[in-house]
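Reminder, nothing fancy here: chain letters follow the sequence lines and each chain counts from 1.
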2 protein chains.
Amino acid sequence: MEKQTITIYDVAREANVSMATVSRVVNGNPNVKPVTRKKVLEVIDRLDYRPNAVARGLASKKTTTVGVIVPDVTNVYFSSLARGIDDIATMYKYNIILANSDQNNQKEVQVLNTLLAKQVDGIIYMGYTISDEMRAEFSRAKTPVVLAGSVDTDEQVGNVNINYEEATNEVIQYFIKKGHQKIAFISGPQSEPINGIYRLNGYKKALKDAGISFDSGLVFETDYSYQSGEKLWGELASAGVTAAFVGDDELAVGVKNGAIDHQVNIPEDFEIISSNNSKLTEMARPKLSSITQPLYDIGAVSMRLLTKLMNKEEVEEKTVILPHSIAYRGTTKD
Amino acid sequence: MEKQTITIYDVAREANVSMATVSRVVNGNPNVKPVTRKKVLEVIDRLDYRPNAVARGLASKKTTTVGVIVPDVTNVYFSSLARGIDDIATMYKYNIILANSDQNNQKEVQVLNTLLAKQVDGIIYMGYTISDEMRAEFSRAKTPVVLAGSVDTDEQVGNVNINYEEATNEVIQYFIKKGHQKIAFISGPQSEPINGIYRLNGYKKALKDAGISFDSGLVFETDYSYQSGEKLWGELASAGVTAAFVGDDELAVGVKNGAIDHQVNIPEDFEIISSNNSKLTEMARPKLSSITQPLYDIGAVSMRLLTKLMNKEEVEEKTVILPHSIAYRGTTKD
DNA sequence: AAATGGATTAAAAACGTTTGCAAAATTGAA
DNA sequence: TTCAATTTTGCAAACGTTTTTAATCCATTT
């Protein structure tokens, strides 16, 4: 009645070879005489032998598993990245252990330790910001790490992103060219470098280049929730904004709906450009104009980079910047 | 320069005890003299020892890892389930290996085998339908399996769902009570039991109870994409429907937008009730009325059930039905 | 002082592979 | 044939734990 597992040893016995030989054929080692290989393969098939990956992991010190730390899979932005990661992982015969961190520091550290205990071959980290503790853990661990869609000053780990500053700059330039003077900058926490540094810099630069002075009253800091966006219209109206850059799609849909619920005409009286080009942008009415980020690709490239790192291949550049553009849809006038 | 891992043996030596004792304190075995425990703990802390989970897995035949097979994490329905699963898994000290199957048969079988090779302690399967091959694999494996949001006639595995037939029935009853005669049934593939059997039965039953004859011309079978919904209005209009039950939220948003793009007034001229109550329903304008399924809970309960199965606890009932209800929002008249 | 017995601890055998090294088999040339 | 060179194979030692079994302690009792 008990789980009667069959091992490499059983196969060896049945095939009249040593377990070393069985191991070789299982691992595709070429130093096996064809006829022997065939014989072993037959037995494997007959006994329905399945190599125990845990034992393999112990002996080879490789688990073909990578850890993926994500704030919340429920967020399309992250699930898109995760999808890209998993596809490439599968392509290279890896599996992913997915862990939600809620961007909670303690939980992150905890999760990281579990992953390392499980001997993952590499780690992909996603998150809006990287705590000092995590940074420290990353540089301490000799396990390769790649940040997907997260920037950090730590040059030790790999990371892949788009140029957030540049993208934001283009959006604001576009708005300015169309005559807007009061352009809102709406984003998640400014404490996160992507918002507080890169995007904001892009925003400021565009204003400066156009000779418009920066007004901190036009910077709106919220969390990433739809609800926060929906409630924002009051403030936006009193600030007199006529256009807005929004750092997140759900948030942007909220902003749009909030405005519409107040009988604002979009895009005639208020233009919006969002940031992530998730499928939400197509599902909204009017459709959301948005910076296009290759989400899936960011995940995919991250994983590809990680495979190189795990393989100890020479990597010319640990920082990868993917191209972006802007899709003009219903929340901008032509 | 090489990865200098410190093992249980190092700790044992430093603490002047046997590795058995170290193992005991690490595993919280009470048969250790307090003073010894303290000494060992100190050494563990000093050496920064981290037990190797792979070796543990080999020795104990438990990996504290469960496999999660999902068609596509990018879909909010599934990512919500996944989130519930992960949270409970974490609570019980498990990790999840997440694998996307694209509902592709070959890929599923492939993934399942990898998971079993990795010695996962249990498996949670999500998908619209279960192929015969997978069913066979499930019953062959002695690893516990739970289906989350998927029904199957196979009584061997656990599964947690809502009562799809009942829920659909209520929706249609509601429509009928409001005077609708031509009610569309829009769903994904009819080959999937949830659509072709449960939901459709609920639909038929409501009609029958109201003395309305079933018209197969009002049944619309599509895939689950937003685009399919958007394109559907033409057909719906020629069929003369005035209300629709839709089996998926993205699909429903598509149907709604398609209608709106044709100047249809919602809900005055066309009422819609969707099925998954994902956050999309709140983000749409008008907001989507929907059957409410406790997505997170389905995941959470599935994982909880799986822990019991893995623990070989007695489980009174392998099939769990969670409560549902209907949220009336903007796509239905009061 | 010896015997008893429960609480602690140690020893060593798994767990199922990979892998370095040496032995055996095969091949080809002389 | 023989011998060297090359392929194939087998042996056995890791890999880092858990776990069973047996030994050792130590406090009581007699």
Side-chain angles (χ1 to χ4, degrees), chain A residues 2-41 43-44 47-65 93 114 116-121 142-143, chain B residues 2-41 43-44 47-65 93 114 116-121:
Chain A
E2 256 319 296
K3 153 179 209 168
Q4 168 69 39
T5 44
I6 65 141
T7 73
I8 198 174
Y9 195 76
D10 299 314
V11 176
R13 181 166 27 73
E14 289 286 317
N16 281 312
V17 297
S18 71
M19 33 189 283
T21 299
V22 176
S23 176
R24 289 195 193 92
V25 349
V26 166
N27 291 296
N29 184 317
N31 300 334
V32 180
K33 194 156 51 167
V35 54
T36 311
R37 178 190 311 282
K38 181 144 176 288
K39 184 173 58 177
V40 172
L41 248 18
V43 175
I44 285 180
L47 299 189
D48 197 23
Y49 165 69
R50 179 164 30 215
N52 180 323
V54 173
R56 269 221 252 214
L58 183 58
S60 69
K61 293 173 164 297
K62 288 197 179 349
T63 54
T64 62
T65 303
K93 312 285 186 197
T114 311
L116 293 177
K118 293 209 170 172
Q119 313 297 119
V120 295
D121 296 334
K142 63 275 135 269
T143 307
Chain B
E2 257 317 297
K3 152 178 210 167
Q4 169 67 39
T5 44
I6 65 142
T7 73
I8 198 174
Y9 195 76
D10 299 314
V11 176
R13 182 166 28 73
E14 288 287 316
N16 282 313
V17 297
S18 71
M19 32 189 283
T21 299
V22 177
S23 177
R24 286 193 198 93
V25 349
V26 166
N27 290 296
N29 185 316
N31 300 335
V32 180
K33 193 155 54 167
V35 55
T36 310
R37 178 190 311 282
K38 181 144 174 290
K39 183 174 57 175
V40 172
L41 249 17
V43 175
I44 285 180
L47 300 189
D48 195 24
Y49 165 70
R50 180 163 32 213
N52 181 323
V54 173
R56 269 220 250 216
L58 182 58
S60 68
K61 290 172 166 298
K62 289 195 178 353
T63 55
T64 62
T65 303
K93 311 285 185 198
T114 310
L116 293 177
K118 293 210 170 173
Q119 313 296 118
V120 295
D121 296 335

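- The residue among A/Val22 and B/Ala55 whose nearest nucleotide of DNA chain C is located toward the 5' end is B/Ala55.
- The distance between atom NZ of B/Lys62 and atom P of D/dT17, rounded to the nearest whole Å, is 19 Å.
- No contact: A/Asn29 has no heavy atom under 4.0 Å from any strand.
- For B/Asn31 and D/dC25, the CG to P distance is 18 Å, given to the nearest whole Å.
- Residue contacts for A/Ser23: at a heavy-atom cut-off of 4.0 Å it reaches a base atom on one of the strands shown.
- Within the nucleic acid shown, B/Val32 comes within 4.0 Å of sugar-phosphate atoms alone, with no base atom in reach, counting heavy atoms only.
- A donor and an acceptor atom, one from each side chain of B/Thr63 and B/Lys118, are nowhere located under 3.5 Å apart.
- Smallest separation of non-hydrogen atoms from B/Leu41 and B/Val25: CD1-CG2, 3.6 Å.
- Residues B/Asp121 and B/Thr65 form no side-chain contact, since every pair of their non-hydrogen atoms from C-beta on lies 4.5 Å or further apart.
- If you check the side chains of A/Thr114 and B/Lys93, you find no donor sitting under 3.5 Å from an acceptor.
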Name the atoms and distances for all side-chain donor-acceptor pairs under 3.5 Å in residues 28-39 of chain A, with sequence neighbours left out.
{"from": "A/Asn29", "atom 1": "OD1", "to": "A/Asn31", "atom 2": "N", "distance (Å)": "2.8"}
{"from": "A/Arg37", "atom 1": "NH2", "to": "A/Asn29", "atom 2": "O", "distance (Å)": "3.4"}

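- A 4.5 Å side-chain heavy-atom check between A/Leu116 and A/Thr143 finds at least one atom pair inside the cut-off.
- Near DNA chain C, meaning a heavy atom under 4.0 Å from it, residues 33-40 of chain A has no residue at all.
- Distance NZ (A/Lys61) to P (D/dA14): 13 Å, rounded to an integer number of Å.
- Side-chain contact between B/Asn52 and B/Thr7 is absent, with no heavy atoms from C-beta onward closer than 4.5 Å.
- When heavy atoms are screened at a 4.0 angstrom cut-off, A/Asn52 is found touching the sugar-phosphate backbone but no base atom.
- You can see that DNA chain C meets the heavy atoms of chain B within a 4.0 Å-exclusive cut from C/dT8 to C/dG16, reading 5' to 3'.
- A straight line from CG of B/Leu58 to P of D/dT17 spans 12 Å, rounded to a whole angstrom.
- Within the nucleic acid shown, A/Val17 comes within 4.0 Å of sugar-phosphate atoms alone, with no base atom in reach, counting heavy atoms only.
- Following rounding to the nearest Å, B/Ile6 (CD1) and D/dT17 (C1') show an atom-to-atom distance of 14 Å.
- Shown here for A/Val26 and A/Pro51, the closest heavy-atom pair between the two residues is CG1-CG, 3.8 Å.
- At a threshold of 4.0 angstrom between heavy atoms, the contacts of A/Val26 with the nucleic acid are absent.
- Between A/Ala12 and A/Met19, the shortest heavy-atom distance links the atoms CB-N, 3.7 Å.
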